[in-house]
Amino acid sequence: MKQKKMLICVCMVLLCGLSIWHFAKANPPQPQSVPAIQLVSWGTRGGLVRQTQEKLKELGYYSGTPDGIFGTRTYEAIRNFQQENGLRVDGIAGAETLERLGISVGTGTSGIGETAESNYDDDIFLLASIIHGEARGEPYEGQVAVGAVVLNRVASPNFPNSIAEVIYQPGAFDAVKDKQFYLSPNETALNAARDAINGWDPTNGALYYWNPSTATSRWIWSVPITTTIGRHVFGTK
């Protein structure tokens with residue numbers, strides 16, 4: 001009699017366990033809503049970027065066609081908006097900038113188009129553009145060296161942490177100020193950018209470079225010179 005009762009109990013436990021397993025399989029746990037990464041910066045794309053462009057265009061800061069792709073026009077439009085609205089001028093539309101634009105950040109699931117992941121092709125083009133604007137006519141090694149300085153600044157805690165932010169940092173590069181940065185980079189500059197991103201650093205870690213024949217800044221001469229390539233000297237502090 002006891003054995004029969006025990007057998008019945010075992011069977012009931014097994015049936016209960018089997019029922020729970022089937023229920024769990026048929027009703028998997030649903031992912032919870034988490035705060036979305038609401039950040040519009042260089043290389044991002046998607047609906048949030050397009051919405052930002054539309055708002056900036058409506059306010060007169062963006063002149064292009066909203067396409068959902070963050071590029072030079074979007075970056076400059078955000079910086080101009082930030083500057084005129086008392087925000088931190090970094091060219092990145094984070095929560096505060098988006099809120100000031102009237103864009104609700106909310107919560108939800110964020111896809112790759114809404115995150116701050118950089119785009120390799122965009123980085124290459126940006127780097128090639130500053131190389132072309134600053135160092136065209138220099139030997140190839142010297143062009144790679146200019147790209148390496150940009151990347152060394154990205155890696156340094158004393159400079160912004162993206163290629164776009166380093167290039168657009170106020171007063172950092174004459175080519176941005178005199179608009180030569182906006183010229184289309186040639187194949188040599190593009191190759192130099194690729195070599196720099198792939199790790200070639202002819203400067204051995206330099207953070208600065210200048211042309212001794214044309215430099216007018218007294219401060220730059222306080223930087224110890226470590227390398228000379230073409231018409232540029234390179235150094236770090």
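- For the ring pair (Phe, Tyr, Trp, His ring centres under 6.0 Å) condition, the pairs that include at least one residue of residues 176-199, sequence neighbours left out, are Tyr168-Phe181.
- Taking the six-membered ring where tryptophan is involved, the planes of Tyr209 and Phe234 are tilted, since the angle between them lies from 30° to 60°.
- The closest donor-acceptor contact from the side chain of Glu138 to the backbone of Arg231 lies under 3.5 Å.
- Counting side-chain heavy-atom gaps under 4.5 Å among Ile, Leu, Val, Met, Phe, Trp and Tyr, the cluster of Tyr140 also holds Val144, Trp200.
- For the atom pair Thr74 OG1 and Tyr62 OH, the distance stands at 4.0 Å (nearest 0.5 Å).
- Under 3.5 Å, the side chains of Glu84 and Tyr61 contain a donor-acceptor pair of N or O atoms.
- The OG atom of Ser129 sits 12.0 Å away from atom CD of Gln180, with the distance rounded to the nearest 0.5 Å.
- Between the side chains of Thr97 and Gln82, at least one donor-acceptor pair of N or O atoms lies under 3.5 Å.
- For the pair Leu101/Leu56, a side-chain contact is recorded, criterion being any heavy-atom separation below 4.5 Å from C-beta on.
- The two residues Ala135 and His232 make their nearest non-hydrogen contact at CB-CE1, 4.3 Å.
- For the pair Gly147 and Ala196, the tightest heavy-atom approach, listed with the atom from each and the gap, is C-CB, 4.0 Å.
- For the pair Pro160 and Asp90, the minimum side-chain heavy-atom distance is 4.5 Å or more.
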Please test Ile225 against Tyr208 for side chain to side chain contact (heavy atoms under 4.5 Å, CB included), starting from the C-alpha separation and ending with a verdict.
-> CA-CA 9 Å; Ile225 296 172; Tyr208 303 95; over 6 Å; no

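- Without hydrogens or angle criteria, Asn211 side chain to Ala215 main chain gives no donor-acceptor distance under 3.5 Å.
- Gln143 places none of its side-chain heavy atoms less than 4.5 Å from the side chain of Pro202.
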Would you please test Val176 and Ile130 for side chain to side chain contact (heavy atoms under 4.5 Å, CB included) and show each step?
-> CA-CA 8 Å; Val176 175; Ile130 198 66; 4.0 Å; yes

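- Annotation: side chain of Ile197 is in contact with side chain of Leu151 (closest heavy-atom distance under 4.5 Å).
- Using a 4.5 Å heavy-atom threshold, the side chains of Glu165 and Asn161 count as touching.
- With contacts defined as side-chain heavy-atom distances shorter than 4.5 Å, the pair Asn152/Thr236 does not qualify.
- Phe125 and Val150 fall into different hydrophobic clusters, where Ile, Leu, Val, Met, Phe, Trp and Tyr side chains are chained together by heavy-atom contacts under 4.5 Å.
- For the atom pair CD1 of Ile103 and CD of Glu54, the computed distance is 8.5 Å after rounding to the nearest 0.5 Å.
- Going from atom CG of Asp123 over to atom CD1 of Ile163 covers 4.0 Å, rounded to the nearest 0.5 Å.
- How far CD of Glu141 is from CG of Asp195: 11.0 Å, rounded to the nearest 0.5 Å.
- The closest donor-acceptor contact from the side chain of Thr52 to the backbone of Leu48 lies under 3.5 Å.
- Side chain to side chain, Lys237 and Ser222 meet the donor-acceptor criterion of an N or O pair below 3.5 Å.
- Taking the side chain as every heavy atom from C-beta outward, Asn186 and Leu190 never approach each other to under 4.5 Å.
- When every heavy atom of Arg100 is checked against every heavy atom of Asn85, the shortest pair comes out as NH1-O, 2.8 Å.
- Ile78 approaches Gly91 most closely through the heavy-atom pair CG2-C, 3.7 Å.
- Between Arg153 and Phe159, the closest heavy-atom pair is O-CB, 3.2 Å.
- Remark: Asp174 CG to Thr214 OG1 distance equals 8.0 Å, nearest 0.5 Å.
- Ala164 approaches Tyr75 most closely through the heavy-atom pair O-OH, 3.8 Å.
- Phe81 and Val89 are not part of a single hydrophobic cluster, where members link through side-chain heavy atoms under 4.5 Å apart.
- At a threshold of 4.5 Å between non-hydrogen side-chain atoms, the residues Arg136 and Ile131 do not count as touching.
- Put simply, the side chain of Glu134 gets close to the backbone of Ala175: a donor and an acceptor are under 3.5 Å apart.
- Gln53 and Arg73 form no side-chain donor-acceptor contact under 3.5 Å, judged by distance and modelled atom types alone.
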